[in-house]
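First the structure, in the form of structure tokens, and then the observations on it.
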Amino acid sequence: MLQLQNQRRRENLAWPSLIARCFVSCNMVLLTYFALSLVTRFFSNSSSLLLQLSLSALVLLLVMGLGGWFRRLLGIHASAPAFVFFNILFIWCFYVFIIRKGVSLFMDILFNGEVAMLIFGLCSMLKSDPGVVRHVPSFSDKPTEGSVDELNNLDEDLELLASGLSHESAEDSILERRVRYCRNCTAYIKGFDHHCPAFGNCIGQKNYLVFMALLLGFIVTEASFLACSSDYTISRIHSSEASLSERLAVSLRIFAILQLVWKVPFLTWHAYCICFNIRTDEWINWNKYPEFQLIIQHQPGNGCTEVWFTNPYDKGILHNVKEFLSSKG
């Protein structure tokens, strides 16, 4: 449990404010699917799938912009985790009352189980501790002017860890060096990767595995929904007198495809990060952290130097994956 985050949430999110944000999020979900249904209403019969996807993506951006306008107008903004939850709930309700009738028993059990696991995983992620630290090491999150002694100490720790000597102390020292600051949570996170607004939490050393499992769960569930709804939409959408539920089914399929378009590369990126033992924050902001800087001086004394990226934590793909799976924070 994140004590620092829970305290901040208790102070900033009183029940009336929380209910208002959830109400706005629910309405944003309904507005999103209504807008997507308009795309399928006017462009389904004579338009290609690529055009429908492009228009739907544009509609989603417009809805997000409209949400920002309402936030500035009313002073209340939607909650990203609540938006994700109501999306799951809306798709599941539509499946149960509309699509479920033509789905096999096996797929029905599979999809309902996946939705239940998603809700459980989302709640677990909201309550999880990404690795908040109270006592921040002096070398954590330092700018580029790090000392040579600190880099030498890091090399010594890496050598000890590779040799198997003083394994626990060397590993703890390396993890302490990878404590980064999150401006959203105003806290220092061990093994900080990024702050995830959709899951309402930082992704760090302690909840990275849960994050990967939840991300994979979303991909599998959305693919399962596409499989379950394929027969329903194919048999009905070609009719010129398609009902609202039939158009909405196509809208949900388009939404699921758009989600898969960015989530699959996102999952691939994090698989890469695991294989090479690097975090997203470290990759983007490597010039802030001295251990990722390889300084090359062409001629001594002339001041002509180049700074290249290097990853001192990469110990081989198999070792990195094993370390990730066995990590307990």
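Any value given below was found using the heavy atoms of this structure, including those in side chains, with hydrogens, waters and symmetry copies removed. We number each residue from 1, following the sequence as shown.
- Checked against a 6.0 Å centroid threshold, the rings of F211 and H194 count as neighbours.
- Sparse packing is recorded around CG of L318, with 12 or fewer heavy atoms of other residues, nucleotides or ligands lying under 6.0 Å away.
- Cation-pi contact between R180 and Y289: present, with separation from the ring centre below 6.0 Å and deviation from the ring axis of at most 45°.
- For R178 and Y313, the positive end sits near the middle of the six-membered ring, less than 6.0 Å away and at most 45° from its axis.
- Side-chain atoms of S251 and V39, non-hydrogen and from C-beta on, never get closer than 4.5 Å to each other.
- Between the side chain of N311 and the backbone N or O of F292 there is no donor-acceptor pair closer than 3.5 Å.
- Hydrophobic clustering (side-chain heavy atoms under 4.5 Å, transitive across Ile, Leu, Val, Met, Phe, Trp, Tyr) keeps F34 apart from M64.
- A perpendicular orientation is assigned to the rings of F266 and H270, their planes being inclined by more than 60° (bins at 30° and 60°).
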Open item on the list: Using the rule given for ring pair (Phe, Tyr, Trp, His ring centres under 6.0 Å), can you reason through F90 versus F86, listing the C-alpha separation, both sets of side-chain angles and the distance that settles it, and then say yes or no?
Closed with: CA-CA 6 Å; F90 185 90; F86 285 121; over 10 Å; no
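- One finds the CG atom of N112 at 13.5 Å from the CE atom of M117 (value rounded to the nearest 0.5 Å).
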Open item on the list: Set out, in order, the CA-CA distance, both residues' side-chain angles and the distance that settles ring pair (Phe, Tyr, Trp, His ring centres under 6.0 Å) for F111 and W92, then state yes or no.
Closed with: CA-CA 9 Å; F111 182 76; W92 179 75; 8.8 Å; no
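- For Y95 and F225, the ring centers sit 6.0 Å or farther from each other.
- Both F106 and V115 sit in one connected hydrophobic cluster of ILVMFWY residues. Membership requires side-chain heavy atoms under 4.5 Å apart, directly or through other members.
- When the shell of 6.0 Å around CZ of F23 is examined, it contains 12 or fewer heavy atoms from other residues, nucleotides or ligands.
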